[in-house]
2 protein chains.
Amino acid sequence: MPIITIKDIAKKADVSVATVSYVINNTRPVSPELTARILHAIEELGYSPNAVARSLRQKRTKMIGLIVPDSTNPFFAEIAKGVEDAGYEAGYSVILCNSNAEFERELVYLNLLQSKRVEGIIFIATTTHVEQICPIVKSSIPVVIFYRDIRGLDVDTFRINNFEAGYRGTRYLIELGHQEIACIQPLSPETPSGERVAGYQRAMEESGLTWRETLMPRGDNRLSGGKRAAEDLLRSGLPFTAIFSSNDTMAIGAMRTLREAGLRIPEDISILGVDDIILASYSDPPLTTVAQPKYEAGTQAVRFLIDRIEGNYQQGPRNVILNTELIIRKSCSHLK
Amino acid sequence: MPIITIKDIAKKADVSVATVSYVINNTRPVSPELTARILHAIEELGYSPNAVARSLRQKRTKMIGLIVPDSTNPFFAEIAKGVEDAGYEAGYSVILCNSNAEFERELVYLNLLQSKRVEGIIFIATTTHVEQICPIVKSSIPVVIFYRDIRGLDVDTFRINNFEAGYRGTRYLIELGHQEIACIQPLSPETPSGERVAGYQRAMEESGLTWRETLMPRGDNRLSGGKRAAEDLLRSGLPFTAIFSSNDTMAIGAMRTLREAGLRIPEDISILGVDDIILASYSDPPLTTVAQPKYEAGTQAVRFLIDRIEGNYQQGPRNVILNTELIIRKSCSHLK
DNA sequence: CTGTTAGCGCTTTCAA
DNA sequence: TTGAAAGCGCTAACAG
């Protein structure tokens, strides 16, 4: 089947291509007669405007790129939904890119998106290399970065105060009367979860409590990592009545191990996480956690992008610290 | 900053734009000297090829569209991941579209994708209207439809045998000795989940067991719907020892309610779902369920699309019935 | 209110 | 081995 273009419509309606363009985009008044003829021709021929041609001409693609480590992870899925929804509202389509947390793939996608001339990029980075986004920023494509501290570059960032999240969660445990509070750490302290551990330590110190490395096992940010960390804790033989887990996923994994070991939550051990992933509310018992906004962060990131795209924001980088919130569910109780 | 084009590169390297194009795409041998000069100029000027222009010229966008009801739903998220991965492998980007199960939004996206000249569309439809995809198919964009029976149109489809899934799951419960088996239904019987209920009924009848509407509450396919359905069940006062839930999501919601009511799973109540979403393996207890492939379905759908895009498949519609598999975990036990 | 036309950045045929 | 040039489908001056 031959491709129908604006030219075909023009011929069929016996007008110029310009006029067709004007009625399609409603960008100049056109007489009712011509409008009717054109609309009729469009209908008849089943014409679909070629957005590619239009993009080339206008230098606007009405597309944004979203790079996430894994769109299957409920945490990122929520953000992605926020992005898509806000994009839809504003007339932007989103290209979904999973980096699988691989540097290589992040780079490939970054270049691809630039090539495709998306008008903005939302990047949930795992590799902290500033260099890679530098050329993109230079190319004047607005970028929003999540959860990384990118200094000295004109990109907006969204982060949570991880230190405070850790601090606040730990304080809550302390207020419940706990003194021997273990901590499940991520593998590397140089991650968002790592900063939470510092908050944990500060809260402990401020209350005159001591933390010790033996009660701070590490896990790989997955359920299995949490299970293993809990095993380490049990094996250490040291007493503890509560656990601060640097994220929900590991907290849930740890709960499993604890229960398998015959411990009751929260009667024997209180446990608290950070993130508020969907699993947290459906775990048993439901996990008390320090929540951070996800969907809303996605929508606002798009708004930031569009501000810059449409030229409504010209100033320097905006660094948003998202508010955390303590969600009290059933996994923590007063020390008896 | 001025936009760098192939022309700038040509000038800087003192060659023709054609030659630049040839080295970029490696589509014609070019002498080492010129190649070096061109590469150097590209590097120096930070040139990024304009994929939009190329698409216009080649009439190929290397993009596919994915329409899902809700990318946040783990079930669709898995499919989406499969699509994205397979797309990445094959050099296709994917535009993510959430329809929110709204007819209007499906339609908008369908037209948008056509306008953007994606080369294929994977459509997880919620509204069964054949008419809406008809113009797309006519426009020769390959389409794959999930979970709907679209007859008389040249589109490939992927489905599972929902009846069999329901039948098989229920049979398993019966084999465990259960006789009073409740069923959590979707709101509408005209959905994939609805067909599963028919399988449930058949299995019951074949074993001489009776099903009754009062033990078949409906839910809205979400966790909260499952909770509510379980409440209905409890309120009915009727005895039951097992529940067949037409999908995992509602099963998990129901488990929650059941436990809050002091019932143990599986000791007091066995429960079985369909789908095998990620939450099913992380729920407590892990949910026994009839699984269907999701990620693999996503990757294969892309392969089907690409077959047609590249002209490797010219025949009529392919209708794939995906295999289901009973995954035995911990939520069902023998009736004592 | 309408039409003519240049040109967006690229690929690719044709010619050298 | 290289270059000139047409043209993909559209928008938006500019001219009438």
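Chain identifiers are assigned alphabetically (A, B, ...) following the order of the sequence lines, protein sequences preceding nucleic acid strands; residue numbering begins at 1 within each chain. Just so it is clear, the structure is predicted and the values come from calculations on it, not from any experiment. The figures that follow rest on heavy atoms only: side chains count, while hydrogens, waters and symmetry mates do not.
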* Between C:dC1 atom P and A:R37 atom CZ, what is the distance in whole Å? -> 15 Å
* Could you give the CG-to-C1' distance, from B:D8 to C:dG9, as a whole number of Å? -> 11 Å
* Check every strand shown and say whether B:V52 touches a base, only sugar-phosphate, or nothing at a heavy-atom separation below 4.0 Å. => nothing
* Asked: Would you find a donor on one side and an acceptor on the other, under 3.5 Å apart, between the side chain of A:D14 and the backbone of A:K11?
  -> no
* Reading nucleotides 10-16 of chain C from the 5' end, what letters show protein touch, with B for base, S for backbone sugar-phosphate only, - for no heavy atom under 4.0 Å? -> BBBBB--
* Asked: Which nucleotide in the list C:dG9, D:dT1, C:dG3 gets nearest to the side chain of A:K59?
  -> C:dG9
* Asked: Which sits closer to the 5' end of DNA chain C, B:L56 or A:D14, going by the nucleotide each is nearest to?
  -> A:D14
* Structure fact -> To the nearest angstrom, the CD-P distance between A:E33 and C:dG3 comes to 12 Å
* Step through the shown structure and confirm whether more than 12 heavy atoms of other residues, nucleotides or ligands are within 6.0 Å of CG on B:N312. => yes
* Is the CD atom of B:E310 crowded by more than 12 outside heavy atoms at less than 6.0 Å? -> yes
* Can you check whether A:I306 reaches A:Y92 side chain to side chain, under 4.5 Å on heavy atoms? -> yes
* Asked: Do B:F304 and B:Y313 come close enough that some side-chain heavy atom pair is under 4.5 Å?
  -> no
* Asked: Does B:R105 pair with A:D85 as a salt bridge, N-O distance under 4.0 Å?
  -> yes
